[in-house]
Amino acid sequence: MKSVKRIAKHPTISLLNSCTTLKEMKQIHAQLVVKGILNNPHFHGQFVATIALHNTTNLDYANKLLNHNNNPTLFTLNSMIRAYSKSSTPSKSFHFYANILHSNNNNLSPDNYTFTFLVRTCAQLQAHVTGLCVHGAVIKHGFELDPHVQTGLVFMYAELGCLSSCHNVFDGAVEPDLVTQTAMLNACAKCGDIDFARKMFDEMPERDHVTWNAMIAGYAQCGRSREALDVFHLMQMEGVKLNEVSMVLVLSACTHLQVLDHGRWVHAYVERYKVRMTVTLGTALVDMYAKCGNVDRAMQVFWGMKERNVYTWSSAIGGLAMNGFGEESLDLFNDMKREGVQPNGITFISVLKGCSVVGLVEEGRKHFDSMRNVYGIGPQLEHYGLMVDMYGRAGRLKEALNFINSMPMRPHVGAWSALLHACRMYKNKELGEIAQRKIVELEDKNDGAYVLLSNIYADYKNWESVSSLRQTMKAKGVKKLPGCSVIEVDGEVHEFIVGDKSHPRYDEIEMKLEEISKCLRLSGYVANTNPVLFDIEEEEKEDALSKHSEKVAIAFGLISLKGVVPIRVVMNLRICWDCHNVAKMISKIFNREIIVRDRNRFHHFKDGFVKNVQVLWLSFTFWYPPIRGEY
DNA sequence: GTAGGGTTAG
């Protein structure tokens, strides 16, 4: 039997893990050369592997070192394959695989490690055919029964979306170990068969913390965040070790469910039990706070982080933008560039949103152009949609249309919807009709398109068109999604669907709504009744408007939340203009902070103004929002 | 000294 010589990592090489600059790395390199340590092929391999894996920007450096070494060991080449599989240019892994196959000097041949890493490269590249070839090579070299390689293959096929191939590999495993079983569970979850993943999970005789995390991740990634939290609670009850990955996953579920209090609990747990604060965990915290409307805390966590990557910056920039802090988000983008962090396509989504919320069209355009010109990032549909939104909000409808027409790909529903929203805002019937037609062409039953165009017609009191549009909706079976708002009071979630009077305190709510109406009128408020579709009397329209679910929820908040507690409402549609104005006025008249999270973003109201408020959540109870509606 | 699970948008 071949004996494997194991040599512990050289202490000087270990120092590489804590160095942050190229200069420090070079100093260590110099020491190793002077002491002759790198003459030992094992240490040379350790050195190359360590720098290559430490930071992907070091890959060039590692490459140069290998060019001066004619006899790299299998360990070194495997490490390069591994490092490249994680880099932005995974295909370069194959260069080192070729080195192994064609090594003339030391007769190397690929081992189980080689294939474990190489299949990850295929997964990363989404290279289907190559993946199959690598699988062939695995069989050729006799590693198809190696548990690590099998795990890698299951992972690869899952990433390629071939669940049946995952099953084939998994079924070929004689006694799949815990790691392979977890990979299979993960594959099912990723390929859309989460229920089978759960079945596997329930039937597994043994589970470790990674298995638990994979199950939580499975639920979180397919949007079943409630079940993700349920599994997390079960994990806690069974006394399984919670690590930073569990925390990231549960935070992600909290973010999707908008359960700030639970998110705060996770943060407190992390601090109390000194859970390892990784960049990913910090980012998940920033994202959770920002998306739950607590921008101050998000930024506090952000600035407290020792290290931030492109995810962290993108989360913070996007978080500021979605809370209405456009200028601040753009300042942060400048800070990011100053720190030398390369933005990616997602960063630009955040940046463009920031420009959009404050109407900085020219600046937005500049950033949009810089994507390709400066950073070499090809704008995607979302970026185009945001540009249309930006032109549209600024009232530059013609430019918005021109922009859509100049798109290099087929404009999507998002782009036309942005235009239609703008047409509604600026009462442009002609363009609105074009946009609506395009949306319906792409999505037959897009209720929003009908409702918005109806609203435009209603603005012109063109009831005939409103009625004909409503008939078309009926004939095509297009249903308007009813407005639905939720509010938490004393740990209980109250849901209000428009037109539904079943709430036990509805009489009190109605009285409060009347009181609000009176107060508003005394303050000079005139209802903007245009969003009401129907051809009914003004007075009735005003009544219909005052029963919008968000207003009902705010009224309920006023009667049930005592003291200085802000009123937090989460709703499934975009807040209407009238509700927006009313919320602003209520915040002044009733001296109450109101935060509404609509489908698009957060709206903060305080002292009769929008945004730039101190956000303060005082509720500590934990709740799950209801299932109905979309949040 | 090499092998599983995690974060940003839509």
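Reckoned from all heavy atoms, side chains included, excluding hydrogens, waters and symmetry mates. Just so it is clear: chains get the letters A, B, ... in the order the sequence lines come, proteins before strands, and each one is counted from 1.
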Checklist entry - Taking atom types as they are modelled, is there a donor-acceptor pair under 3.5 Å from the base of B:dG4 to the side chain of A:Asp208? => result yes
Next on the checklist: Counting only side-chain heavy atoms from C-beta out, which of B:dT7, B:dA3, B:dG5 sits nearest to A:Val248?
Outcome noted: B:dT7
Checklist entry - Can you tell me if the side-chain N/O atoms of A:Lys291 get under 4.0 Å from OP1 or OP2 in B:dT8? => result no
Item to check | Nearest-nucleotide pick for A:Ala214, side chain only, options being B:dG5, B:dA3, B:dT8 | outcome: B:dG5
Checklist entry - How many Å lie between CE on A:Met288 and C1' on B:dT8, as a whole number? => result 15 Å
Item to check | Separation of atom CZ in A:Phe117 from atom P in B:dA3, rounded to whole Å | outcome: 5 Å
Checklist entry - For A:Asn600 and B:dG10, what is the distance between atoms CG and P respectively, to the nearest whole Å? => result 9 Å
Checklist entry - Looking across every strand, which nucleic acid part, if any, lies under 4.0 Å from A:Gln380 by heavy atom: base, sugar-phosphate, or nothing? => result nothing
Checklist entry - Which part of the nucleic acid, if any, lies within contact of A:Ser350, taking any heavy atom under 4.0 Å across all strands shown: a base, the sugar-phosphate backbone alone, or nothing? => result nothing
Next on the checklist: Which nucleotide wins on minimum distance to the side chain of A:Leu281, given the candidates B:dG6, B:dA3, B:dT7?
Outcome noted: B:dG6
Next on the checklist: Taking atom types as they are modelled, would you say the side chain of A:Thr278 forms a donor-acceptor pair with the base of B:dG6 within the 3.5 Å cutoff?
Outcome noted: yes
Checklist entry - Expressed in angstrom and rounded to an integer, what is the separation of A:Leu118 atom CG from B:dT2 atom C1'? => result 14 Å
Checklist entry - Do we see A:Tyr311 stacking on the base of B:dT8, given a limit of 5.5 Å between centres and 30° between planes? => result no
Checklist entry - Just checking, any donor-acceptor pair under 3.5 angstrom between side chains of A:His42 and A:Gln46? => result no
Checklist outcome for this item: Correct closest heavy-atom pair for A:Ala158 and A:Cys166 would be N-SG, 3.3 Å
Checklist entry - A:Tyr113 has a side chain; which of B:dG4, B:dG5, B:dT2 sits nearest to it? => result B:dT2
Checklist entry - Take atom NZ in A:Lys438; do more than 12 heavy atoms of anything else shown fall under 6.0 Å from it? => result no
Next on the checklist: Does B:dA3 have its OP1 or OP2 closer than 4.0 Å to a side-chain nitrogen or oxygen of A:Arg120?
Outcome noted: no
Checklist entry - Is the shortest side-chain N/O distance from A:Asn186 to OP1 or OP2 of B:dG5 below 4.0 Å? => result yes
Next on the checklist: Any side-chain to backbone donor/acceptor pair from A:Ser315 onto A:Tyr311? Under 3.5 Å, distance only.
Outcome noted: yes
Checklist outcome for this item: A:Asn243 has its side chain closest, among B:dG5, B:dA9, B:dG6, to B:dG5
Checklist entry - Is the cationic atom of A:Arg82 (NZ for Lys, CZ for Arg) positioned less than 6.0 Å from the six-membered ring centroid of A:Tyr113 and within 45 degrees of its normal? => result no
Checklist entry - In terms of side-chain heavy atoms of A:Lys353, which of B:dG5, B:dT8, B:dA9 is nearest? => result B:dA9
Item to check | Rounded distance (Å) that lies between atom C1' of B:dA3 and atom CZ of A:Phe115 | outcome: 15 Å
Checklist entry - At under 4.0 Å between heavy atoms, what does A:Ile346 touch on the DNA or RNA strands: base, sugar-phosphate, or nothing? => result base
Next on the checklist: Just to be sure I understand the rule, does A:His209 reach a base, reach only the sugar-phosphate, or reach nothing, if contact means heavy atoms closer than 4.0 Å?
Outcome noted: base
Checklist entry - What's the OH-P distance between A:Tyr384 and B:dA9, to the nearest Å? => result 21 Å
Checklist entry - Tell me: CZ of A:Phe155 to P of B:dG5, nearest whole Å? => result 5 Å
Item to check | Donor on one side chain, acceptor on other, A:Asp111 and A:Thr114, under 3.5 Å | outcome: yes
Checklist entry - So, is A:Lys86 close to the B:dA3 phosphate, meaning a side-chain N or O under 4.0 Å from OP1 or OP2? => result no
Item to check | Side-chain donor/acceptor of A:Thr182 to base of B:dG5, under 3.5 Å | outcome: no
Checklist entry - A:Asp287 near the nucleic acid: base, sugar-phosphate alone, or nothing, with a heavy-atom cut-off under 4.0 Å? => result sugar-phosphate
Checklist entry - So what does A:Ile216 touch, heavy atoms closer than 4.0 Å: a base, only the sugar-phosphate, or nothing? => result nothing
Next on the checklist: Using a heavy-atom cut-off of 4.0 Å across all strands, would you classify A:Gln221 as base, sugar-phosphate, or nothing?
Outcome noted: sugar-phosphate
Checklist outcome for this item: Among B:dT7, B:dG6, B:dG4, the one nearest any side-chain atom of A:Glu244 is B:dG6
